[in-house]
Amino acid sequence: MSLSQTYHDSKWMIDLLENLGHGIVILNEALDVTFINNKASLLLESDNNGLSPDLKSICRYIKENQHTYKVISSSFRYTTFSTKDKIELLIKTQPLLGDLREFKGCFILVKEVFNFDTLSKQLDLTEKKYSFLFENTTDGVLLFNDEAVIIGSNLSAEKIYSFDSPSLTNKTVADLFPHHSEEVFKGIVEEFLKNGRLSSFYKFVKSNGQPVYIDFSAQAHILPGVHMAIFKDLTNTILLNKAFKQTESNLQTLFQNSSHAIFLFDQNDQMISMNEKATSYLKLRSIEDLKPQSSFFQSNILPISLTKASEKLALMKEGEVVLEQYTFINEINNQQLWFEYSLIPFLNAKKKILNYCLTIQDITDKKNVEKELIESEAKFRNLTEYSPNIIYIVDFKNRQFPYFNREEILGYDISKLTTFEFWDSIFHPEDENRIREHFTLFIRHKKGNSSGIDFRIKDSKGVYQWVHNRHSVLEMTPEGFVSKAIVNLSIITEQKKQEEDIKRTNFELDSFVYRASHDLRAPLKSVLGLVSLAFKEKEDTERARYLGMVEKSILRLDNFIEDLTNFSRNNRLSITPREINFEDIVSHSWENLKYMDTHSNVEVELDVKYRYSFYSDENRLIIIFQNLLSNAIKYRNSNLTTSVIHIRIRSMKEGVLIEIQDNGIGIKQEYLDKIFDMFFRASHDSNGSGLGLYITRQVVEKLGGTIDVESNYGEGTKFEIYLPNLMSNRT
Ligand code: ADP
């Protein structure tokens with residue numbers, strides 16, 4: 001019987017070997033493993049099938065040398081290679097010998113060698129893990145002693161309390177319960193030490209006024225005389241919760257006080273609740289007894305057909321917000337009421353419908369205003385469409401013209417007038433800056449709600465027309481600028497012309513009165529002087545000389561009065577066209593000038609050719625000829641014995657061209673453009689009124705013609721007159 005067999009049979013022995021705490025291996029004489037306990041298997045990473053080759057070679061060595069040494073007991077260190085942690089093992093071998101000291105087997109003891117370094121490293125790592133947790137947990141952790149003095153704390157604890165000191169050490173836990181008196185707190189600590197536990201939820205206010213909510217729990221005696229507290233800052237959670245509750249109550253208030261009637265339905269179309277406005281709406285529909293739990297379809301809230309209602313509900317249940325209007329007559333006062341309703345789905349995150357709400361708003365007032373607006377718009381259109389003025393709307397913001405009351409303005413199609421650039425191009429260059437300045441101020445609302453400006457615009461024929469542009473504010477931007485204005489444009493060219501005529505007439509009248517009083521009085525004064533001289537004169541010849549001078553003065557006066565009469569006649573009398581015989585006109589005019597001194601020294605040569613009959617105002621033609629011929633006599637060159645006036649007249653279909661040329665003293669170039677002005681005299685020795693050519697031009701213009709002058713000083717003067725034929729059926 002082998003030893004191992006003996007051991008094997010002894011169960012208690014095996015138990016002992018198993019629980020010894022060391023690894024034990026028994027080999028037989030052939031070095032086969034006959035026993036190995038769990039610990040040895042674990043350490044050697046071996047199983048019953050055998051030992052590691054290293055160990056086997058050791059055993060072989062013992063066997064081979066047992067005769068030499070008789071007893072071999074060895075002890076050596078062996079490092080396992082396969083285990084991750086590379087544990088160092090101490091292995092002792094003891095040969096098992098028979099009675100004759102023959103080799104019967106081997107007993108092997110395996111022990112772990114405890115290396116201090118490895119052990120302390122492991123310890124360090126574990127501690128670090130715990131201290132990391134301790135420091136980094138969001139919960140505050142405090143260690144304190146029996147007197148409640150804090151002997152340790154983590155970062156979160158300090159952060160939660162926001163204490164200034166770098167640590168809480170040496171403060172007492174009582175500081176963290178500012179809401180309890182010292183007495184009460186003492187009692188709490190005593191109770192805690194007795195019970196071993198304490199948990200509390202409380203609020204305190206930080207020095208900056210912020211409230212803090214704390215969930216506190218403590219465990220006593222975690223080490224002898226040491227207790228631990230863990231606490232959480234629940235402030236954010238609590239505040240959020242409060243805010244949520246507030247929002248909920250706000251929504252509730254909104255729901256109750258909304259100006260809309262609101263009905264809430266669940267997904268099965270059962271009414272859950274309604275607000276106050278909804279109750280008063282139901283009164284209007286005479287369905288006051290409507291109670292929650294009634295169905296959307298039977299409720300009759302909306303006066304619409306069932307088909308339409310289910311159509312709209314289906315649409316809403318797909319996630320769309322339905323918005324519709326309806327109207328009915330209020331039976332009590334027969335008033336037509338308008339309502340707008342909307343169906344709003346409340347969907348969950350997966351877009352599944354939870355509830356929905358029906359809101360109803362009374363829009364009767366809005367509708368009525370809309371109606372009035374449409375009516376007043378129609379009135380406005382009627383007014384503007386039939387207005388004699390041009391009316392349009394300017395959109396300054398978008399630089400557009402959204403409305404014109406005409407298809408055509410000043411000969412332009414309105415499609416042309418739709419850009420600011422085009423209007424800019426037809427403004428009179430002299431008015432451009434003024435227009436720009438005016439509208440810049442108007443847009444900035446610095447000209448009031450309504451203002452006006454006169455300026456010139458070129459019409460489609462290229463003629464400048466005066467317009468009066470009156471504009472009023474239609475719309476303002478939120479920044480206070482005018483964005484739209486309505487414009488009333490009237491063409492005032494005629495009016496402007498009349499205004500200018502009046503201005504000119506007034507000016508002429510002023511200077512006329514001034515000059516006339518002077519020119520009328522001068523000859524009268526000289527007549528008076530001459531008469532008193534004549535009275536005193538005894539000599540007949542002298543008296544006759546004075547009388548001759550009186551006559552001249554009177555003639556001058558008469559001349560002047562004739563000029564005045566001609567002037568006023570021309571302005572006053574209407575034109576009466578007659579067929580003109582120029583020979584008659586010239587001889588009549590010439591006759592009238594006979595009283596002039598040097599009349600006899602002047603010859604007239606008349607050359608008339610009529611290709612067409614010419615019609616004009618005879619009396620006015622006499623005024624023209626008389627004035628021009630009298631000038632030719634007055635300003636004849638006295639160095640010549642005979643002066644000649646060439647009159648050349650050619651009548652054409654449209655009008656007549658008259659040239660009157662003399663060989664008189666001529667007119668200096670610089671006076672040529674002034675001789676037609678009122679009271680202008682170009683030579684000092686002129687004793688005329690200075691009205692002759694002024695009246696001549698007025699008369700020519702009245703007849704629709706033109707007058708021009710050419711002159712060489714010292715040689716002579718030529719007047720060229722064009723007069724239109726005033727008969728429409730001229731041949
Ligand atoms: P006045 O009464 O002085 O003749 P008018 O208006 O007829 O006034 O003429 C204005 C001026 O033009 C005259 O003062 C004269 O100096 C000049 N003038 C007009 N006609 C002639 C002419 N045929 N030859 C030279 N000078 C002329």
Side-chain angles (χ1 to χ4, degrees), residues 508 511-512 514-523 526 552-571 586 589-590 592-593 595-599 601-606 620-640 642-649 658-702 706-721:
E508 283 172 354
S511 41
F512 181 79
Y514 172 76
R515 291 301 300 260
S517 64
H518 174 265
D519 285 20
L520 282 169
R521 290 183 73 189
S526 84
K552 253 191 198 162
S553 277
I554 291 173
L555 277 175
R556 229 174 89 197
L557 199 60
D558 186 49
N559 241 329
F560 186 69
I561 289 168
E562 193 181 353
D563 279 348
L564 288 186
T565 333
N566 286 338
F567 172 71
S568 101
R569 265 200 203 127
N570 178 52
N571 277 342
V586 171
S589 307
W590 193 244
N592 282 352
L593 298 173
Y595 66 92
M596 291 182 80
D597 266 355
T598 49
H599 185 262
N601 299 75
V602 183
E603 280 177 13
V604 173
E605 280 181 8
L606 179 63
R620 286 187 166 86
L621 276 179
I622 291 172
I623 296 174
I624 295 171
F625 276 96
Q626 211 164 298
N627 269 308
L628 293 178
L629 293 178
S630 80
N631 279 354
I633 299 169
K634 263 194 272 181
Y635 306 111
R636 68 176 283 268
N637 188 343
S638 50
N639 297 330
L640 303 174
T642 332
S643 296
V644 186
I645 305 171
H646 289 284
I647 302 175
R648 188 171 175 274
I649 298 172
I658 305 165
E659 286 174 13
I660 301 174
Q661 186 166 17
D662 62 45
N663 55 354
I665 58 170
I667 304 164
K668 282 186 182 158
Q669 213 59 30
E670 63 257 40
Y671 298 140
L672 276 182
D673 57 342
K674 293 205 178 76
I675 54 168
F676 295 106
D677 291 352
M678 194 187 250
F679 298 119
F680 182 81
R681 296 182 184 115
S683 56
H684 297 296
D685 43 333
S686 155
N687 57 4
S689 64
L691 279 175
L693 286 182
Y694 171 75
I695 292 164
T696 307
R697 195 184 56 179
Q698 295 266 311
V699 173
V700 168
E701 281 175 1
K702 186 94 180 178
T706 55
I707 179 164
D708 285 308
V709 64
E710 277 174 27
S711 185
N712 285 321
Y713 190 58
E715 287 178 20
T717 307
K718 179 166 103 176
F719 287 91
E720 253 184 36
I721 296 162

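Counting starts at 1 for both ligands and their atoms, following the listed order. All values reported here derive from a predicted model rather than from experimental measurement.
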* **Qualifying residue, where the test is side-chain hydrogen bond (donor to acceptor under 3.5 Å, both in side chains) with H646 and the options are E605, Q661, E659** => E605

* Measure from the side-chain N and O atoms of N570 to the backbone N and O of N566, and report whether any donor-acceptor pair falls under 3.5 Å. => no

* Asked: Is there a heavy atom of G666 sitting under 4.0 angstrom from any atom of ligand 1?
  -> yes

* Asked: Considering only heavy atoms from C-beta outward, does the side chain of F680 approach that of L693 to under 4.5 Å?
  -> no

* Part of L693 with heavy atoms under 4.0 Å of ligand 1, whether side chain, backbone, both or neither -> both

* Identify, by atom number and element, the atoms of ligand 1 in contact range of G692, meaning under 4.0 Å from any of its heavy atoms. => 5 (P), 6 (O), 7 (O)

* Structure fact -> Among Y694, Y671, Y635, F560, closest by heavy atom to atom 22 (C) of ligand 1 is Y635

* **R681 neighbourhood, listing ligand 1 atoms whose heavy-atom distance to it stays under 4.0 Å** => 3 (O), 14 (O)

* Asked: So, does D708 use its side chain to make a donor-acceptor pair with the main chain of E720 at under 3.5 Å?
  -> no

* **Those atoms of ligand 1 less than 4.0 Å from some heavy atom in K634** => 1 (P), 2 (O), 4 (O)

* Of the listed options D662, D677, I633, T717, closest to atom 23 (N) of ligand 1 (non-hydrogen atoms) -> D662

* **Contact check: G690 vs ligand 1, nitrogen or oxygen atoms, below 3.5 angstrom** => yes

* For F560, ring-ring contact (aromatic ring centres under 6.0 Å, His included) partners two or more places apart -> none

* To do: Using a strict cut-off of 4.0 Å, indicate which atoms of ligand 1 neighbour a heavy atom of F680.
  => 10 (C), 11 (C)

* Contacts of S711 that satisfy side-chain hydrogen bond (donor to acceptor under 3.5 Å, both in side chains) - sequence neighbours left out -> T717

